[in-house]
Amino acid sequence: MLSSFPGFMYNDVSAGSSAEYPDRVSVMEGRLQLQENEITLLKSSLADALRRLRLHDQLIPLLKQQLIAVNPAAARVLNQVFCSDGFSSSRKLSSSSALDGTHHPATSQVGNNIEGENGHYGDNGSLAPMCKAPTYDRATQTELTPLGQDQGLDGVPLALTSDIQSLSLEDALPKGISLTEGSQAKLHRIQGLEEDDEEVEKEKDLSRTSSVEEPIHPTTIRSLQREDLQDPNGSTESLSSARQTPISGSPVPPKDLPPSPRSGPLSTILEGQNKPLVRRNSEKLAKDPQEKTKKRLDKKAASSANLLTRSPSLESRTKDLIASAGSPGSRRGTQGQSIKMFIRGRPITMYVPSNIQNYDDLRMEPPVEKLELDWVYGYRGRDCRANLYLLASGEAVYFIACVVVLYHINNRTQRHYSKHTDCVRCLTIHPDKVRVASGQTAGVDKDGKPLQPYVHIWDSSTLITLQQIGLGTFERGVGSVAFSFADSGAFLCVIDDSNEHMLSVWDCAKGTKHAEVKSTNEAVFTVEFNPNDSTNIITCGKSHVYFWTLSAGSLTKKQGIFGKYKKPKFIQCFVFSLTGDVLTGDSEGNILTWGKSPGDVKTLGKGAKETFQIMRQTRAHDGSVFTLCMLQGGALLSGGGKDRKIIRWSADLAPERECEIPEKFGAVRCIADVDGEELLVGTTRNAILRGTFSDGFVAIVQGHVDEMWGLATHPSQDVFLTCGHDRQVCVWNTEEHKLDWCTTLEEYGLCADFCPNGAVVSVGLSTGRWLVLDLQTKDIVSDYTDGNEQLSVMRYSTDGSFLAVGSHDNFIYIYNVTESGRRYSRYGKCNGHSSFITHLDWSKDGKYIMSNSGDYEILYWDIAGGCKLLRNRYESKDREWASYTCVLGFHVMGVWLEGSDGTDINALCRSHNERMVAVADDFCKVHLFQYPCPKPKAPNHSYEGHGSHVTNVRFTHCDSHVLSMGGKDTCILQWRVKRGGTGDSGGDRLHSSSSTSTSSPEP
């Protein structure tokens, strides 16, 4: 039945079409992204158009005032137009009524109110009481209402008031008077009205056409700016002339008037022009309806094209991240220069501080300081096998994230091999105890493209890479590697993580592939060469043990036969005994001894080949046997899972000694022999133990076992705290490189901060609950709950008198702090964000807070004034901040990369000397920027090492180190800050070698 679903048709699809499938998906994703970009662009254009409309509405009173200032005589005409229903609108409506047979009583009523007994228009005084004054505030904008409407007469059609709202200079002229296109009045430019505002106005004119257009016959008007027509009483001759002009009649011949020296752009229009004038915002009535429709469509298309041309594309916005710098006088709630940054199409406005005079002249340079990997906290034991060995140098070699660590167990020092580009998955040691082979997973880059896995063979004494094996050959990752022993490590066997788990044999000296074969579709856990015969290889995994033979460049296999014994679900591990037998540990807790059996001639007849069968079964542990380790004298060590026991067996598998490791460290993952008595034990809870059967075991390496988010550094000591999804709160010492103490909580922690006095630390949990822990006693001294959603940030004010708690319920809770951080009382709550709180910082005076949210908001709060939201963000542009961890802000705008989607940067931290910014991104990298870095594409130093998204980053109290914390890789990296002049020159390879130059030099 299931085969009828489309998902099961892939079995019938050819390899070629399967290969094309990702291309089709990428094409579809590309088209979808283009459509999203277009939608975002249109939204941005619409918002820009609305802004311009608001600006025009605000400028109408200014235009009126300037027109009055140019010619006071026009004031009465302008007021007459505002108070009446509009001459042009009246004529339009009457013409429209004549054509479509519709009667407009309101129009005739208004006309009767305006016209006097002698057929002339009344003066200003007669019109004033008949109209309500308009208002221009957009929130309370009103339209003119004739007196007759208030008296219960028929309402004026909405079209009648359209021209009153969109006032033009020609509307201020009497009936029958218009301006030619070349002689229209040009008012003085108002500050704040941009050039493209005029273009928008033209487009509105093009796209808005009246249903019926009436041409205005040629006539003569006097200039509105003629001083000689103005008598001492303020009357205007042109105004009297206009009053005596009938509504419909012959044009009046002009009077010969001398030109005024202050005549404006308006000029007289002589009679005799044959071309009729057309009123602004209208066009001639097209004779052919199809031609008229075509013209309208063309004009609308032109308007849309102009709008899209003027609006910058989303692609350019996301690439540059900066749209423009606002003029100092432009006010969109601003009084100074502003910078606009776009994330996912959303504009984020930031204001330039007063101490920056010319933003464009700022030069961004990388910081003179650099980072060097100093220490790695953690070990990957929860999901990897056979990853702990002891070198001849006395160093334990293991891995976590992208780093292979060489830890000297006596000197307690670390060296690091950091040439891998993604998480290391497997490890093996050459027979000479010097060379090491390590394989990595594939992973993806920041664009989502898969990276090719490979195996590195490197020298543990010099950390130089000797050979790179299998680049472009392995799929998904490398699961297991093994050197041959009988020929002194001439070959390397590799099993990848593809569906077929390809088994390949490589020449270590040449780096060439010697043989390759499909292994099995089941999981494969480990592979080893027979130490006495390099042509024999064994693999084990889920429900199988395979015995391989290498001959003439080809591999053949024989499956181990379980016979009368129960077939276990997993064969976890195996070793070779001194007698040449194979010993396997399985998920049933048994140790199975395998040997060769001659062919069953009776059953299979002549020519039956030998088989590998179980010779003996030994009960070893309750639960799985995770690891087996063969000692030099022939004794065997086994490590259990469920029972957490380490058992020593004699050569004939008789138990001799046993011990149990503490429960907090988990089960035994692998065992490395130090000297026959002392052992190194890797556990499933990411710890490495050192000890003996008689003295017990102590942890020399510890780490978290699940995703980490909370990170805080002590204000005066070399101490930092971490917390994560494993419900552990750990306090570490940066100088001694060890775990000071650890406690387990009921819920998992996500954020933390030390009180400025250094005596207590607050930890925010996933349920809205937060705790205050005493650093000395490890006791919980306070326990509070705010909301029922997870907390994302805890931050004390500089003097420790306030604590701010940022939550995913969109609120910031403020607490008064007393009794040296042991007593808290609710002070207030900041309510204004429309998404969850991500970061916040206090000002140096402890009175204000800057906060970021999940929808990329930057808000400022007046805490001392009662947790009030500061509406005018411009006022906070010069405020000094005690810390800077907000990822959005003017001073850190340059940390965002091209095409960032808002989640690419998880955390940042400014150094205490305010010279550097450390950044944790979503692409496994740590960056070091100069502070401030307010320009896009700021240069920086980039460092690799993490194998997962970097969730948090912090400077220590004296800026001597930077601490970064991975998410899923459960790794904490401690970077030493190298001051300027102590390292190499600035021309090195910052992308990779900055983090590995002292750990893994190039060959």
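The basis for the numbers below is simple: all heavy atoms, side chains too, and nothing from hydrogens, waters or symmetry mates. One is the number of the first residue; the rest follow in order along the sequence. Because the structure is predicted, anything quoted here is derived from the model rather than measured.
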What's the separation between atom [atom1] in [X] and atom [atom2] in [Y], rounded to the nearest 0.5 Å?
X      : Y      : atom1 : atom2 : answer
Trp732 : His737 : CH2   : NE2   : 12.0 Å
Leu869 : His833 : CG    : NE2   : 8.0 Å
Tyr377 : Leu973 : OH    : CG    : 10.5 Å
Phe754 : Phe720 : CZ    : CZ    : 9.5 Å
Ser797 : Lys844 : OG    : NZ    : 15.0 Å
Met965 : Gln974 : CE    : CD    : 14.0 Å

Run the side-chain donor-acceptor check on residues 886-895: report pairs under 3.5 Å with partners two or more places apart or on a different chain.
none

What pair of heavy atoms forms the shortest contact from His941 to Pro366, and how long is it?
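Residues His941 and Pro366, closest heavy atoms: CE1-CB, 3.7 Å.
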
Please list, chain by chain and in numerical order, all residues satisfying side chain to side chain contact (heavy atoms under 4.5 Å, CB included) with Ser960, sequence neighbours excluded.
Thr956, Cys958

Can you tell me if [X] and [Y] form a side-chain donor-acceptor pair at under 3.5 Å?
X      : Y      : result
Arg879 : Ser876 : yes
Thr951 : Asn906 : no
Asp841 : Thr885 : yes
His957 : Asp718 : yes
Asp855 : Ser834 : yes
Gln414 : His416 : yes

May I ask you to check if [X] and [Y] form a cation-pi contact, with NZ or CZ under 6.0 angstrom from the six-membered ring centre and within 45° of the axis?
X      : Y      : value
Lys925 : Tyr943 : no
Lys877 : Tyr874 : yes
Arg915 : Tyr931 : no

For His420 and His456, I'd like to know if the aromatic rings sit close, meaning centre-to-centre distance below 6.0 Å.
yes

Which ring-ring contact (aromatic ring centres under 6.0 Å, His included) pairs, counting each pair once, include a residue from residues 834-857, with sequence neighbours left out?
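Listed by first then second residue: Phe802-Trp842, His808-Phe836.
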
